[in-house]
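What you see below is based on every heavy atom in this structure, not just the backbone, and it leaves out hydrogens, waters and symmetry mates. Treat the numbers as computed from the prediction; the structure is a model and nothing was measured. Labels below follow one simple rule: chain letters A, B, ... track the order of the sequence lines, proteins then strands, and each chain is numbered from 1.
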There are 2 protein chains.
Amino acid sequence: MKLSTSEENYIKAIFKLQDLHNTVPATLLAAEVKTKAASVTDMLKKLYSKKIIHYKPYKNFTLTNAGKKIALDIIRKHRLWEYFLVHKLGMNWDEVHPIAEEMEHVNNPLLIQKLDEYLEHPCFDPHGDPIPDKNGNIRMVEQSDICSSPIKKTLTVSSIKDQSITMMDLLKHYQIKIGTKLKLVRKFDFDGSVEIKIEKLAPTIISNQVAKNIFCTQ
Amino acid sequence: MKLSTSEENYIKAIFKLQDLHNTVPATLLAAEVKTKAASVTDMLKKLYSKKIIHYKPYKNFTLTNAGKKIALDIIRKHRLWEYFLVHKLGMNWDEVHPIAEEMEHVNNPLLIQKLDEYLEHPCFDPHGDPIPDKNGNIRMVEQSDICSSPIKKTLTVSSIKDQSITMMDLLKHYQIKIGTKLKLVRKFDFDGSVEIKIEKLAPTIISNQVAKNIFCTQ
DNA sequence: TAAAAAGTTTAGACAAATCTAAAAATAAAT
DNA sequence: ATTTATTTTTAGATTTGTCTAAACTTTTTA
Ligand SMILES: [Mn+2]
Ligand SMILES: [Mn+2]
Ligand SMILES: [Mn+2]
Ligand SMILES: [Mn+2]
C-alpha cells in the first residue's frame, strides 16, 4: 500500500502527539500538520478506512499496530537523512529538519538500507533522537532534563525536546549542542531557573522553560 | 516561484524532447510524462501563463530562457543525486534513475550546494550524462556512437543515449559500463550490426540499434 | 484540392486535499 | 441539571492534476 506525502505526514504527527500527550485532540493534530480541524476529520476517515488508525466519530483516535509500524518507518527515514545532512554534508543541526521533512517521503527500501549502511547504522539523529532500526525498534537511553538531574555531576547533553527554530537559536547562543558536557551548579526556587557550568565557558543561568527541554545522560 | 512536482516533470521532459527532436509534439510529451494529450494541453497553458514556455494553440511550443534555466537546475539535481547513489551508496547505475526522479524535487539550494561540494563537483552522472553547473552550464564532450567511430582504435564508453530498463539489462549482459574500453572491429553492411572487442573479453556482435545508443570518446 | 488521418484542444467529470461556515456532539461551568 | 463553551463533524466550494469523449486544426494522401 503506497501512501501520499500528506497521509504520511498525518501518520507521523499522530505518532508524535500520541507519544507526548496520551490522548490526541484533533485540533492539536491540525496545528501539527498546519491545516484545519475539518481537514483532519476528512483524513481521519481515510486513515481509518485504510486501517491505520482506530476511530469512532467524536471519540479519541490512536494508531493501529500497522499505523505505528508505518510511523516508525517514516521517522527512521527522517532521522537517517538528518544524520546524513549533518555528518556527511556538514550542514547545521538547526537547518536540516525541513529538508528531511521532504526526503522522508522518498520511498525505496533499498535506498534506505544502503543509506543506513553508508552511515554505519547510526542510533541517534543530530538532535539526539533515537533512530528506529529496520524493524521499528528504538533503543532507549536513560536521560533526564536538567532540572531533574543531580547537582554538580558532569552531564552530557543527549537530546532536545522542543526543536523549534527559536529554541535552536537560543541553544546556539548558549553554545549548547548534543554531546556538550556541563554541570548543574544550583537551582533557583523563585522561578525554577538553573545555573549551569558548560565546559570551558563561564557559568550562566538558563530559564526553567529551557532547562526542561534539555535532556542529559550522566 | 515554487513549482509543483508535476510542473517540474513536464519542464524537464520538454527540455529533453526539445534537445532530441527539434520540434516537440504534444503526444510525445504525453508519453514522456506518462499522461494523456488532454492533460498536456492543460499543463501547457499553465506553463505559458508562468512564462516558462512559448505557446500558441495548435502551434509548437518551446521553453523560454527562464524555462531552460529551471530545466537545467532540475537536471543538475537529478544527476547529482544519481552520482551520490552510485558512488557513495554503492547502488547500480540501472537502479538509481527512479529514485533520483523523486529526489530531484527536493528544493533547497544550500542542500544542492553542499551535495555538490561533498561529491567534489562531478561533471558526469553514472550514465555518462553531463551535470550542469550551478549556472546551468554544461561542458560538452567530443563523443560519437559506435557506428560512427573509427575502426580498430581504442574507444572509451562515455554515455548511453537510450537509458530504458531493457537497454540497461542488455548492457549488463554485454558487460558494458561507462569507462569500458573497447575496439570497433568491423561493421556489417547487411543490418548495420558491428563486431566489437571489449578489453579482456571475446569479440561479440551488437546490433545497429544498440551500437547507435552507445557513445564513446577516442 | 477534397477527403482522410493525425494531432490538439475543449467540455465535462473525477479524486485528493484543502478551506469556510454552520450544525452537532461532548465537556465544562454555573 | 441546565446553560455555555469547546471540540468535532458535515455541507458545500476550491485548487490541482488527471481522465474520456467529442470537437476542432493541421497535415497528409489520394
Ligand atoms: Mn514530511
Ligand atoms: Mn531530528
Ligand atoms: Mn521527477
Ligand atoms: Mn542519469
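Of the side-chain N and O atoms in B:Y10, one or more sit less than 4.0 angstrom from OP1 or OP2 of D:dT18. Contact annotation: A:Y55 side-chain N/O to D:dT9 OP1/OP2 distance is under 4.0 Å. Taking 4.0 angstrom as the limit, B:T27 places none of its side-chain polar atoms (N or O) nearer than this to OP1 or OP2 of C:dA6. The side chain of A:S6 contributes no N or O atom lying less than 4.0 Å from OP1 or OP2 of C:dA16.
Contacts of A:A37 with the nucleic acid, taken as non-hydrogen atoms under 4.0 Å apart, include base atoms. Counting non-hydrogen atoms under 4.0 angstrom, B:A38 reaches a base of the nucleic acid. Across all strands shown, A:S39 has heavy atoms under 4.0 Å from base atoms, whether or not it also approaches the sugar-phosphate.
Counting only heavy atoms from C-beta outward, the side chains of B:I75 and B:R79 approach each other to under 4.5 Å. Side-chain contact between A:H127 and A:V96 is present, with at least one heavy-atom pair separated by less than 4.5 Å. At least one side-chain heavy atom of B:V141 sits under 4.5 Å from a side-chain heavy atom of B:F124.
The separation between B:Y58 atom OH and C:dT9 atom C1' is 4 Å, rounded to whole Å. Taking atom CG of residue B:D42 and atom P of nucleotide C:dT10, one finds them 9 Å apart after rounding to whole Å. When the P atom of C:dT26 is taken as reference, atom CZ of A:F61 falls 16 Å away, rounded to whole Å. The CG atom of A:L28 sits 10 Å away from the P atom of D:dT7 (whole-angstrom rounding). Rounded to whole Å, atom P of D:dT7 lies 13 Å from atom NE2 of A:H21. The separation between A:L47 atom CG and C:dA16 atom C1' is 13 Å, rounded to whole Å. The distance from atom CG of A:L3 to atom C1' of C:dA16 is 14 Å, rounded to the nearest whole Å. The separation between A:K56 atom NZ and D:dT9 atom C1' is 17 Å, rounded to whole Å.
Residue B:L44 has its side chain nearest to C:dT9 when only C:dT8, C:dT9, D:dT8 are considered. In this structure, of C:dT18, D:dT20, C:dT9, it is D:dT20 that holds the atom nearest to the side chain of B:K36. Comparing C:dT18, D:dT8, C:dT8 against the side chain of B:T41 picks out C:dT8 as the nearest. The side chain of B:K45 lies closest to C:dT10 when the candidates are C:dT10, D:dT9, C:dG7. For A:M43, counting side-chain heavy atoms from C-beta on, the closest listed nucleotide (D:dC19, D:dT9, C:dT18) is C:dT18.
Between B:H78 and B:H97, the two ring planes are tilted [angle within 30° to 60°].
Under the 6.0 Å cut-off for aromatic ring centres, B:Y83 and B:Y118 do not qualify, their centroids lying 6.0 Å or more apart.
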